Amino acid sequence: MRALIVDPDAPGSLRLGTAAEPEPGPHQLVVEVRHISLNRGEVAFAGQLPPGTVHGYDAAGVVTHPAADGSGPVPGTRVAAFGTGAWAERMAVDTTAVADVPAQVDLADAAALPMVGVTALRTLRSRSILGRRVLITGAAGGVGRYAVQLAALGGAHVIASVGSVARAEGLAELGADEVVIGLDGVDRPVDLILVTWAGRSWPTPGSCSRRAGAFRTSGGRPASPPCSSRTRCSPSARPRR
């Protein structure tokens, strides 16, 4: 079958090639992949994987073979899937790592959900956000955009931080109550800071987090975390790479 495989000699260490058909375990089903999504980390660090590896984690498609143990959806079910070897015509994936895709949702859209969507959800679930002030840095990125929407749905007052005016487009429509450039304009304490990238918009230690506040990170961290006696840093569970 065709697949995107790791090749250290190819541009970006990836090339279109052929790979063996997936061999599912008893708790795995086989998905005919219709769409995939590429995450920054997967592409950036592809060269660190063994040559010939079928890369990728996010896909959406249709179940062709059910799991031998009887778990999971039946053949013909449209699913979003999260697992290794996703960038291929077919992938074997744990039945606990797939979700039915509603008929009104395009599979191309569903393919962009697993890694960034679950990362944002798990991070925000680390503490109650109802009625809280939540600052999301890197809000224009994949995890950031999901986090803005989920935090708004969870009843938070959402402050979306981006690096430029151009990056701010559309965030208010997604549910952000405030959209700021860097930390300009964040002059009141916040309850939770979700840092989705280790860039220059890391908050100054103690500058905008009250004593009960907390940091959550995803996708990277700076050499010196922005912790102080007034803030508690607690990295979220990182997505697999």
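Worth saying up front: this structure is predicted, and the values here are computed from it rather than measured.
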Any non-hydrogen side-chain atom of [X] less than 4.5 Å from a side-chain atom of [Y]?
{"X": "V79", "Y": "V62", "answer": "no"}
{"X": "I159", "Y": "V134", "answer": "no"}
{"X": "E42", "Y": "M115", "answer": "yes"}
{"X": "N39", "Y": "D58", "answer": "yes"}
{"X": "T64", "Y": "V31", "answer": "no"}
{"X": "V30", "Y": "M91", "answer": "no"}
{"X": "I36", "Y": "L4", "answer": "yes"}

If you compare all heavy atoms of [X] against all heavy atoms of [Y], which two are closest, and at what distance to 0.1 Å?
{"X": "A46", "Y": "H55", "answer": "CB-CD2, 3.8 Å"}
{"X": "L124", "Y": "I129", "answer": "O-CG2, 3.9 Å"}
{"X": "P73", "Y": "L29", "answer": "CD-CD2, 3.6 Å"}
{"X": "R167", "Y": "A140", "answer": "O-CB, 3.4 Å"}
{"X": "A160", "Y": "A139", "answer": "CB-CB, 3.6 Å"}
{"X": "M1", "Y": "A88", "answer": "CE-CB, 3.7 Å"}

I'd like to know if [Y] and [X] are part of one continuous hydrophobic network [Ile/Leu/Val/Met/Phe/Trp/Tyr, side-chain heavy atoms within less than 4.5 Å].
{"X": "V118", "Y": "V93", "result": "no"}
{"X": "V179", "Y": "L153", "result": "no"}
{"X": "L171", "Y": "V158", "result": "yes"}
{"X": "V54", "Y": "V43", "result": "no"}
{"X": "L130", "Y": "I136", "result": "no"}

Could you give the distance from [atom1] ([X]) to [atom2] ([Y]), rounded to the nearest 0.5 Å?
{"X": "S37", "Y": "L113", "atom1": "OG", "atom2": "CG", "value": "9.0 Å"}
{"X": "L174", "Y": "E169", "atom1": "CG", "atom2": "CD", "value": "11.0 Å"}
{"X": "I5", "Y": "S13", "atom1": "CD1", "atom2": "OG", "value": "12.0 Å"}
{"X": "H65", "Y": "E32", "atom1": "NE2", "atom2": "CD", "value": "10.5 Å"}
{"X": "T119", "Y": "Y146", "atom1": "OG1", "atom2": "OH", "value": "11.0 Å"}
{"X": "R125", "Y": "L150", "atom1": "CZ", "atom2": "CG", "value": "9.0 Å"}

Any donor-acceptor pair under 3.5 Å linking the side chain of [X] with the backbone of [Y]?
{"X": "E89", "Y": "R2", "answer": "yes"}
{"X": "S161", "Y": "L183", "answer": "no"}
{"X": "R132", "Y": "V190", "answer": "no"}
{"X": "W87", "Y": "L38", "answer": "no"}
{"X": "Q48", "Y": "F45", "answer": "no"}

Note to self: Distance alone, cut at 3.5 Å: any donor-acceptor contact between the side chains of H27 and D94?
What the structure shows: yes
Note to self: Quiz question: by atom type and distance under 3.5 Å, do the side chains of S71 and T95 form a donor-acceptor pair?
What the structure shows: yes
Checklist line | Salt-bridge contact E178-R133 (side-chain N to carboxylate O under 4.0 Å) | finding: yes
Next item on the list: Run the numbers on R78 and D100 for side-chain contact (heavy atoms from CB on, under 4.5 Å), then give the verdict.
Entry: CA-CA 6 Å; R78 294 168 9 113; D100 291 9; over 6 Å; no
Next item on the list: Report the residues that fulfil salt bridge (charged side-chain N to carboxylate O under 4.0 Å, His left out) with R90, sequence neighbours left out, ordered by chain and then residue number.
Entry: E21
Next item on the list: Identify, with sequence neighbours excluded, every residue that meets salt bridge (charged side-chain N to carboxylate O under 4.0 Å, His left out) alongside R15.
Entry: D7
Margin query: Can you tell me if H157 has over 12 outside heavy atoms packed within less than 6.0 Å of its NE2?
Written below: yes
